[in-house]
Amino acid sequence: MSQEAFHNQTEISHIGHTENSAEKISIVIPAYNCEDTIERCINSALSQTYGNLEIIVVDDGSEDGTAKILDGLQKEHDVIKVIRQENRGVSAARNAGMKAATGSWLVTLDADDYIDSDMLLCMHREAVLSEVQLVICGLRFVYEDSGRKEVRTASEDFAGNLSEFLNTAFLKLYDLQLLNNQNNKLYRLDLIHRHQIYYDTQMEINEDLWFSLKYLQYCSEVAVLRRPFLNYTQHEEGESLVSRFHDNCVETCFIVLKAYDELFDGRPVSDQIVNEMNNRMLFLICGYAGWQYYKSDYTEEQMLENIRSLCARPEFQKLLGQTDPTGLKNKTAYFLLKRGKAEAYHALCKLLYREKAKKRREAEAEIPGEKLPEAAAEEIPEAAKEPEEAAAETEVLPEPVTGEEETPEASEEAEAEPVPAQEAEIPEAPEKEETPDVSGELSEEDLYRISKQLEESV
């Protein structure tokens with residue numbers, strides 16, 4: 001498609017309630033105990049300037065006032081369909097909604113999300129102009145307690161084939177969390193149904209990134225829009241899935257790794273991109289492996305055995321063998337784990353995370369049964385964060401204080417290109433400190449020095 005066609009927005013600006021009615025867009029919203037936010041979410045969907053919608057809300061066994069709110073909205077609006085099921089989790093709820101959807105296109109929303117009124121019109125317009133199977137837009141992280149908004153967008157609009165996307169836009173979107181968020185995308189429903197791309201209900205974390213990687217395997221063309229149409233609400237640390245330890249957190253990383261390998265396999269992706277993504281996968285796996293040291297109640301022997309199992313895992317050793325590590329954290333993990341030095345890595349993790357573990361114990365002793373308070377949780381180092389925290393930290397971009405509706409042009413000016421996150425997430429060793437010689441052995445002194453470098457780098 002020509003650049004002229006790609007940027008010609010005015011030519012079809014009249015598309016709205018009439019011409020686009022041939023293609024229905026299904027909006028799937030899982031809902032569980034969300035009486036405070038579900039009405040706002042649905043109203044933002046009802047306010048879309050795109051004319052042909054169906055809104056499928058899956059009540060996943062709510063026990064608060066959610067069901068009553070949904071009943072009232074369903075009576076008022078014919079486009080709303082409510083599905084009720086026993087509580088089975090967000091992935092099962094999304095799957096139920098996707099299977100019931102009858103549209104040509106799909107958008108998913110969380111019950112505490114809300115979207116700009118022209119989101120679907122602009123994204124569908126781009127899908128038609130660029131003849132793509134996936135459109136990805138920017139988003140705003142909305143911290144409702146403080147009112148702060150953090151804009152995350154691609155540096156520029158994009159439209160091209162899958163190989164071009166993987167070689168240019170893919171890593172940037174991964175780092176900015178625009179790839180692993182499920183709600184900033186317009187999907188083709190026929191692709192989902194034909195290839196049975198549904199959420200893995202055994203994955204409580206990393207499932208959104210996995211879904212994106214699986215779906216991309218069946219795309220020939222992809223488009224990216226800079227505008228942040230999605231308002232993605234952030235929760236207090238204690239309320240978020242990110243704050244809870246999951247026994248299978250490392251296992252989900254290997255499910256993601258398999259999907260990533262399948263996506264890149266046989267496609268003309270540059271060696272540089274492959275190595276950078278390998279480094280991110282190493283960072284992801286080791287970060288989750290570190291969770292157990294301050295979020296779990298495992299004994300030291302259990303934690304050591306988990307590290308031994310990680311070292312012995314064939315697909316992990318394969319990843320290490322294909323990776324030229326970058327950054328102090330990855331180089332250290334590579335040096336120890338590739339050589340099967342589980343005991344040394346275990347000792348390093350105990351040093352690195354001992355203050356975090358201490359704070360967790362103190363917090364639990366002070367407030368029995370409560371999660372780690374937000375003030376302490378904010379100090380968790382990047383290597384131990386979930387990808388949604390560790391993948392990107394962008395500059396905060398203030399919203400215009402005019403009280404007027406933003407125009408696309410004004411929005412683009414206000415939303416400057418975010419600072420790439422990966423450079424900050426895996427810092428190189430300071431110039432005064434030398435990276436250990438990977439040809440030799442790490443002494444206890446080296447181990448302690450590296451752990452202090454890691455602590456000072458976050």
Side-chain angles (χ1 to χ4, degrees), residues 9 12-31 34 37-60 66 69-84 90 93-139 181-193 197-199 211 215 223 225 227-233 405 408:
Q9 301 296 314
I12 58 167
S13 60
H14 62 283
I15 293 180
H17 289 274
T18 55
E19 291 189 21
N20 63 18
S21 61
E23 288 200 310
K24 183 190 297 182
I25 297 179
S26 300
I27 304 176
V28 170
I29 307 172
C34 51
T37 61
I38 187 61
E39 191 164 4
R40 178 185 65 182
C41 176
I42 293 176
N43 283 338
S44 74
L46 290 169
S47 70
Q48 291 299 299
T49 54
Y50 190 91
N52 190 8
L53 303 176
E54 67 174 0
I55 301 171
I56 301 174
V57 187
V58 182
D59 184 356
D60 190 39
T66 298
I69 294 172
L70 295 179
D71 287 341
L73 290 171
Q74 187 176 28
K75 289 178 181 178
E76 294 178 20
H77 304 279
D78 293 338
V79 296
I80 297 177
K81 177 181 179 181
V82 177
I83 298 174
R84 289 193 164 86
V90 64
R94 286 195 193 117
N95 288 344
M98 289 158 59
K99 290 176 181 178
T102 62
S104 299
W105 297 89
L106 169 74
V107 169
T108 65
L109 295 177
D110 290 338
D112 53 358
D113 292 343
Y114 56 101
I115 54 179
D116 293 355
S117 60
D118 58 345
M119 172 177 172
L120 300 186
L121 175 62
C122 292
M123 294 183 77
H124 179 263
R125 172 192 298 162
E126 186 57 46
V128 172
L129 281 173
S130 301
E131 299 181 352
V132 301
Q133 296 82 43
L134 178 67
V135 183
I136 305 171
C137 71
L139 57 82
N181 187 298
Q182 74 279 8
N183 302 330
N184 66 330
K185 299 177 179 66
L186 182 68
Y187 306 94
R188 286 290 312 185
L189 256 174
D190 59 344
L191 277 184
I192 290 172
H193 293 325
I197 313 169
Y198 299 111
Y199 284 87
F211 185 89
Y215 183 87
L225 296 178
R227 283 191 59 192
F229 295 108
L230 171 68
N231 296 283
Y232 184 59
T233 302
E405 182 70 21

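Every heavy atom of this structure was used, including side-chain atoms; hydrogens, water molecules and symmetry mates were not.
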Practice prompt. Enter the distance from Tyr232:OH to Asn184:CG here, rounded to the nearest 0.5 Å.
Written response: 9.5 Å
Fill in: Any side-chain heavy-atom pair of Tyr50 and Arg125 under 4.5 Å
no
Worksheet item: For the residue pair Tyr199 and Phe211, does the interplanar ring angle fall in the parallel (under 30°), tilted (30 to 60°) or perpendicular (over 60°) class?
Response: parallel
Worksheet item: Do Val135 and Leu225 touch side chain to side chain, with heavy atoms closer than 4.5 Å?
Response: yes
Discussion item. I need the Leu70 CG to Gln74 CD distance, nearest 0.5 Å.
Written reply: 8.0 Å
Discussion item. Just to verify, which of Leu120, Leu106, Val79 counts as forming a side chain to side chain contact (heavy atoms under 4.5 Å, CB included) with Ile27?
Written reply: Leu120
Worksheet item: Does the side chain of Val107 come within less than 4.5 Å of Lys185's, by heavy atoms?
Response: no
Worksheet item: Mind checking whether Lys24 and Thr102 have side chains closer than 4.5 Å, heavy atoms only?
Response: yes
Worksheet item: Given the rule in the side chain to side chain contact (heavy atoms under 4.5 Å, CB included) test, do Gln133 and Trp105 qualify, once you have shown the distances and angles that lead to the verdict?
Response: CA-CA 9 Å; Gln133 296 82 43; Trp105 297 89; 5.8 Å; no
Discussion item. Any heavy-atom pair between the side chains of Lys81 and Ile55 that's under 4.5 Å?
Written reply: no
Response to the item:
Tightest non-hydrogen contact, residues Ala111 and Cys41, listed as O-CB, 3.3 Å
Fill in: Working for salt bridge (charged side-chain N to carboxylate O under 4.0 Å, His left out), residues Arg94 and Asp60
CA-CA 10 Å; Arg94 286 195 193 117; Asp60 190 39; over 6 Å; no
Discussion item. For the backbone of Asp118 and the side chain of Asp116, can you confirm whether one donor and one acceptor N or O come within less than 3.5 Å of each other?
Written reply: no
Discussion item. As a quick check of understanding, evaluate side chain to side chain donor-acceptor pair (under 3.5 Å) for Gln48 and Ser117, giving each step before the final call.
Written reply: CA-CA 5 Å; Gln48 291 299 299; Ser117 60; 5.9 Å; no
Worksheet item: Of all heavy-atom pairs between Ala100 and Glu54, which one has the smallest distance, and what is that distance?
Response: O-OE2, 4.5 Å
Worksheet entry | Identified side chain to side chain contact (heavy atoms under 4.5 Å, CB included) counterpart of Ile29 within the set Asp110, Ile42, Ile56, Ile80 | Ile42
Fill in: Side chains of Phe229 and Leu139 in contact at under 4.5 Å (non-hydrogen atoms)
no
Discussion item. Is there a side chain to side chain contact (heavy atoms under 4.5 Å, CB included) between Thr233 and Tyr114? Walk through the geometry before answering.
Written reply: CA-CA 8 Å; Thr233 302; Tyr114 56 101; 4.2 Å; yes
Worksheet, complete the sentence: To the nearest 0.5 Å, atom OG1 of Thr66 lies from atom CD of Glu39 at 11.0 Å
Discussion item. For a quick test of reading the model, state the closest non-hydrogen atom pair linking His193 to Ala101 and the distance between them.
Written reply: NE2-O, 4.0 Å
Worksheet item: Considering all heavy atoms of both residues, which atom of Leu186 and which atom of Ala127 are nearest to each other, and what is their separation?
Response: CD2-CB, 4.2 Å
Item to complete: Show your reasoning for whether side chain to side chain contact (heavy atoms under 4.5 Å, CB included) applies to Asp59 and Ile83.
Response: CA-CA 6 Å; Asp59 184 356; Ile83 298 174; over 6 Å; no
Item to complete: Can you measure from CG (Leu189) to CE (Met98) and round to the nearest 0.5 angstrom?
Response: 7.5 Å
Practice prompt. Apply side chain to side chain contact (heavy atoms under 4.5 Å, CB included) to the pair Asp112 and Ile38, showing each step before the final yes or no.
Written response: CA-CA 6 Å; Asp112 53 358; Ile38 187 61; over 6 Å; no
Item to complete: Measure the spacing between OG1 of Thr108 and CG of Leu230 and express it to the nearest 0.5 Å.
Response: 9.0 Å
Practice prompt. Enter the distance from Glu23:CD to Arg188:CZ here, rounded to the nearest 0.5 Å.
Written response: 5.5 Å
Practice prompt. Find out whether Thr37 and Asp113 are in side-chain contact, i.e. whether some heavy atom of one side chain is under 4.5 Å from a heavy atom of the other.
Written response: no
